[in-house]
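Reading through the structure tokens given below for one structure.
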Amino acid sequence: MMDVAWVRHETRRLGALPLALPPLTVGVFAALAGLMGAGGADSRQIAKLLLAGLEVGLPLAAGLIAAGVVAGEPAVELHCSLPTRYRVTLLRRLALLLAWTSLVSVGAAALLVGVDRWLVPRPFALAQLGWLAPLLWFVAVGATLALALRSRAASSGLLTGVWLLENLFRETFLATDWLRFWFLFATTYTPGAAAEEWPANRATLVGTAAVVAVGAWAMTRTGEAHVLGGEA
Amino acid sequence: MTTEHWRSFVGAARYEFRMQVRRPSMWIVLSVLGVLSARLFESPWNWGRELGPDLLLPEWAVRLNWFLPIGVGVLLADRVPRDRQAKVDELFATLPAAGGGRLLGKYVGSTLAVAVPVFAIHAVSMGRLAIHEGNGSFLPLALATFAAINLPALFFVGAFAIACPAVLRVPLFQFLFVGYWFWGNLLNPDVFGIPTTSDTLLTPVGSYVASGFFGQGFGLYWASDGTVRDAMLSLALLTALAAAVLVAAHRYLVWQQARQ
């Protein structure tokens, strides 16, 4: 039988933040949507904000946590002396983070379908790529940046920079043929318009996240790299 | 402030400044955000010569305040937790002038360090504008807008980025801060109908300071009818909030140390 004792242990080690932040983010966006509704905003605008919570908000939160999980471990030297390799521990923690964030996102998406505020014109299962693709991308890139730079602030700064870049230049991303495939928030900003390219866009993001994750896994082969300090 | 506290303040400020100003990531992140701002807002030298420096300079300073402080807040968030991670916090606690002076030094040193690339971005854009205009007589005004609009925003953001991670986990603060920045500073209340601080004296983006001290801009910021009194009040409120959050963080760290 598979040993799953690590699930409980690593969940405790992750702490309350990765558990609390995804529902908190969904709650904040729901509260903002409520305020917009009370202010008489258009129901489509409200649905768009709620979708943005899942596609734009949650992935950034998960990416920042992933960078913190990798670069913020206070006892790396101790981990390097344990029978379970440190890279396996990191993988387990990131998998737990992804699983929990995904669970919250699916729950929120189902709720949005239930209250008729779900904007993605796709079968429900496929539509989940709307939040899953950027989530995988931000977690993979956040963890990789933290491994490469060995600094929490540097990795989260760059990750936030990418997030801002794609948000601020969304029109350029959508108007440029080759950039369209790399646009992380294609579901929120073009629910109908880019429908034809949407599956290819999602596939590109999931594929990139997979390649980056493999690169990160290769980077963790050198255990000593974790022990070396990053920036001051 | 006793001599020990003063020395620990100066020592911490100097050391934090030197550590922060040598971080490649700070230069990379803020340069990227500077280029993004210039591209997004189409750079002041493309805004039209007829506007003149009096309108153009405060507007550009406010536009720099739209996105650069996001990078500043995210980058400075690890300064206090870093002491714990580098396992030097207990050592610092044994020093004769532990606490307040060091926290203040950390704040002043690291915030001044992030102000260097922000000033460099401002200086490069002003240099480019001077070449375009064939006239550099507006440079003293450019310095004044930087001092009155950009520096207070950096010190306000710096105070929260240093103080809040003493209580909150770093990624939580970073995420909440990015959310706050969009909600509390960039959200146009007329469009979204959500309560926000973006059109109040509490916004560190500098709209009231820009309009109060330098006259009306040409429409990016909403509070373009601020008076000199509004500008002074806005600066006083932002300073008071920054001081309050630093004092609270100091009290919390002292309390936490006493518990150990």
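Note on naming: letters A, B, ... go to the chains in the order of the sequence lines (proteins, then strands), and numbering restarts at 1 for each one.
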Which residues in residues 158-173 of chain B have any heavy atom closer than 4.5 Å to a heavy atom of chain A?
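Within residues 158-173 of chain B, the residues that come under 4.5 Å of chain A (heavy atoms only) are Arg169(B), Val170(B), Pro171(B), Leu172(B).
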
Per-residue contact mode, Leu30(B) against chain A (heavy atom under 4.5 angstrom):
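The answer is neither part of Leu30(B).
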
Under a 4.5 Å heavy-atom cut-off, does chain A meet the side chain of Leu76(B), its backbone, both or neither?
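For Leu76(B), there is no contact with chain A at all, as no heavy atom is under 4.5 Å.
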
Examine whether an atom of Leu168(A) lies under 4.5 Å from a heavy atom of chain B, and if so say whether it belongs to the side chain, the backbone or both; otherwise answer neither.
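Leu168(A) touches chain B through backbone and side-chain heavy atoms alike.
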
Name the region of Ser156(A), side chain, backbone, both or neither, that has any atom closer than 4.5 Å to a heavy atom of chain B.
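The answer is both parts of Ser156(A).
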
Assess the residue pair Val32(B) and Leu165(A) against the criterion (side chain to side chain contact (heavy atoms under 4.5 Å, CB included)); give the C-alpha distance rounded to whole Å, side-chain angles, the decisive distance to 0.1 Å, and a yes or no.
CA-CA 9 Å; Val32(B) 168; Leu165(A) 172 82; 5.8 Å; no

Heavy-atom pairs under 4.5 Å with chain A are the metric here; pick the option from Arg18(B), Gln174(B), Arg39(B) that has the most.
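Heavy-atom pairs under 4.5 Å are most numerous for Gln174(B).
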
Taking all atoms of both residues into account, what is the closest heavy-atom pair of Leu164(A) and Phe67(B), and its distance?
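Here Leu164(A) and Phe67(B) meet closest at CD2-CD2, 4.1 Å.
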
Tell me the closest heavy-atom pair linking Gly161(A) and Leu36(B), and the distance in Å.
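Shortest heavy-atom separation between Gly161(A) and Leu36(B) comes out as O-CD1, 4.5 Å.
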
State whether the number of non-hydrogen atoms from other residues, nucleotides or ligands found under 6.0 Å of [X] atom [atom1] is greater than 12.
| X | atom1 | answer |
| --- | --- | --- |
| Asp116(A) | CG | no |
| Arg7(B) | CZ | no |
| Phe169(A) | CZ | yes |

When heavy-atom pairs shorter than 4.5 Å are enumerated against chain B, which of Leu17(A), Ile65(A), Leu35(A) gives the highest number?
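Option with the greatest count: Leu17(A).
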
Quick one: OG1 on Thr160(A) to CZ on Phe175(B), what's the gap to the nearest 0.5 Å?
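Thr160(A) atom OG1 to Phe175(B) atom CZ measures 10.5 Å (nearest 0.5 Å).
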
About how many Å separate OG1 of Thr25(A) and CG of Leu176(B), when rounded to the nearest 0.5 Å?
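The CG atom of Leu176(B) sits 8.0 Å away from the OG1 atom of Thr25(A).
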
Heavy-atom distance under 4.5 Å between the side chains of Trp183(B) and Val28(A), does that happen here?
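Answer no - side chains too far apart.
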
